[in-house]
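Let me give you the structure first, and then I'll get to my questions.
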Amino acid sequence: MGEGLEQLKQRLPLLDYLRQQNWTARPVGRAGEFVGLCPLHAETRPSFYVNARRNLFYCHGCGQGGDLIRFVELSQHLSFRQSLTYLEQLSAEADPAAVLRQASAFYQQQLDRYPEASHYLEQRGVRDPALIQELQIGYAPGGRLRRHLLAQGCSLDLLRHTGLVNPQGHDTLYQRVVFPCCQDGRMVNLYGRSIGTAFAHRFLPGTKGDLFAWESVRHFPSVILVEGMFDLAVLWQAGFRHATCSLGTHLTADQFQQLCDRPRTVYLTFDVDANGSGQQAAQALSHRLRAQGITARRVLLPPGHDPNSFFVQGGDARQFQSLLEAAPL
Ligand SMILES: [Zn+2]
């Protein structure tokens, strides 16, 4: 079991499950209460009650009652553990976020098994095991996810639908360090950074989600915005926990809205690359933020640097703090 019983029951409410099983009911009395024919014994007059708020059922005909898992035990004649496995698979089928979570958990398990992955993290200056776990960093070796998830009971259709498996039936993420992307607390995508010769950045289809870890960052009166996950990782490692990441210099409308959800100072810390694209993007974004009443300051890293290379090549927290303080409005 990768998660608690309570989460499973929340993700797959009893009433939803019963309706999927074609149980028909009508509301009764108090809000959230329903009655219909009992699926557990033969009857002609409804005596099976579901309290949607408490996520429980009770039948006045046969006297059975309990939660979703109890219902599955009784209706499918399964043991408690078998019922859990059955429901896990069922909820994964219904819920792409659950499949992404399973994929992310699998990738996290692979990280230590492939020296090339640990070596890459080391090169990018990410060393703290607690941080690696907190950021849920994983590794997609390629060619192993599909088999793993099919064995977990996921359908190939769903794997294709989420984009984890491409139309040819192969793992989409191949030799990439993987970070989960979330929106409103749900996993909505995976970002893979190539450690080989393939194109550097890759997402699955769909949104890239919220600003990274926005729930923990949004409470700070000032935030540091970076464009890459390895920038964020070294900043967090150096103690700058008010750093967030937009995964690219182009913010989605939702990400932009998040930066503007209250008065704050945003330190834009995009790459200082040779063609100037990072700084152009930072400048355009700072204009848009100011128009919304947000204080935007552009952090000027030394030429050719991004926050990651700044730390990897010997920069420390004190030096980075000086850059923040010197950032022009
Ligand atoms: Zn009954």
Side-chain angles (χ1 to χ4, degrees), residues 1-106 108-109 145-165 180 182-189 206 215:
M1 285 296 293
E3 60 174 342
L5 231 55
E6 283 313 311
Q7 282 101 310
L8 174 65
K9 288 198 278 184
Q10 268 171 30
R11 209 167 68 232
L12 188 58
L14 174 63
L15 188 63
D16 289 6
Y17 174 80
L18 289 166
R19 283 180 171 148
Q20 281 172 27
Q21 307 292 312
N22 298 319
W23 185 65
T24 51
R26 60 179 174 81
V28 278
R30 282 165 296 163
E33 210 170 0
F34 297 84
V35 66
L37 291 173
C38 179
L40 301 173
H41 84 278
E43 64 177 5
T44 51
R45 279 194 302 180
S47 51
F48 186 89
Y49 287 77
V50 171
N51 186 321
R53 202 173 291 168
R54 296 176 61 204
N55 223 358
L56 295 171
F57 72 94
Y58 183 76
C59 175
H60 292 278
C62 61
Q64 300 285 8
D67 63 2
L68 172 66
I69 294 151
R70 182 75 188 133
F71 182 82
V72 170
E73 288 181 281
L74 292 167
S75 59
Q76 310 270 342
H77 309 288
L78 296 174
S79 71
F80 180 77
R81 185 132 294 276
Q82 287 168 331
S83 301
L84 282 184
T85 306
Y86 165 83
L87 287 168
E88 267 293 321
Q89 287 170 3
L90 196 70
S91 80
E93 291 300 315
D95 183 5
V99 185
L100 291 176
R101 276 201 306 274
Q102 279 179 288
S104 167
F106 175 75
Q108 288 175 65
Q109 287 162 11
L145 180 78
R146 175 187 146 140
R147 201 180 338 146
H148 171 76
L149 290 182
L150 289 179
Q152 299 280 306
C154 298
S155 72
L156 189 55
D157 270 357
L158 187 68
L159 297 186
R160 287 205 175 107
H161 172 72
T162 55
L164 286 165
V165 164
C182 296
Q183 187 164 46
D184 302 323
R186 280 168 64 82
M187 207 177 281
V188 292
N189 208 326
E215 272 315 301

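Only this structure's heavy atoms are used, side chains among them; waters, hydrogens and symmetry mates stay out. Whatever order the structure lists ligands and atoms in, that order sets their numbers, starting from 1.
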Just checking Phe48 against Trp23, ring centres under 6.0 Å apart? yes
In terms of side-chain heavy atoms, does Thr85 have a donor or acceptor partner in Gln89 at a distance below 3.5 Å?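 No donor-acceptor contact under 3.5 Å links the two side chains.
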Can you name the side chain to side chain contact (heavy atoms under 4.5 Å, CB included) partners of Arg147, sequence neighbours left out?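 Per chain and number, Arg147 pairs via side chain to side chain contact (heavy atoms under 4.5 Å, CB included) with no residue.
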Taking only residues two or more places apart in sequence or in another chain, which ones pass side chain to side chain contact (heavy atoms under 4.5 Å, CB included) with Gln64?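 With sequence neighbours excluded, Gln64 shows a side chain to side chain contact (heavy atoms under 4.5 Å, CB included) to Leu40, Phe57, Cys62, Arg70, Leu74, given in chain and number order.
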Holding to ring-ring contact (aromatic ring centres under 6.0 Å, His included), I want the full list of residues that pass it with Tyr49, two or more places apart in sequence or in another chain. His60
What count do you get for protein N, O or S atoms closer to the Zn ion (ligand 1) than 2.8 Å?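 If we list every protein N, O or S atom nearer than 2.8 Å to the Zn ion (ligand 1), we get 4.
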Audit row: Leu15, Asn55, side-chain contact (heavy atoms from CB on, under 4.5 Å) steps and yes/no: CA-CA 7 Å; Leu15 188 63; Asn55 223 358; over 6 Å; no
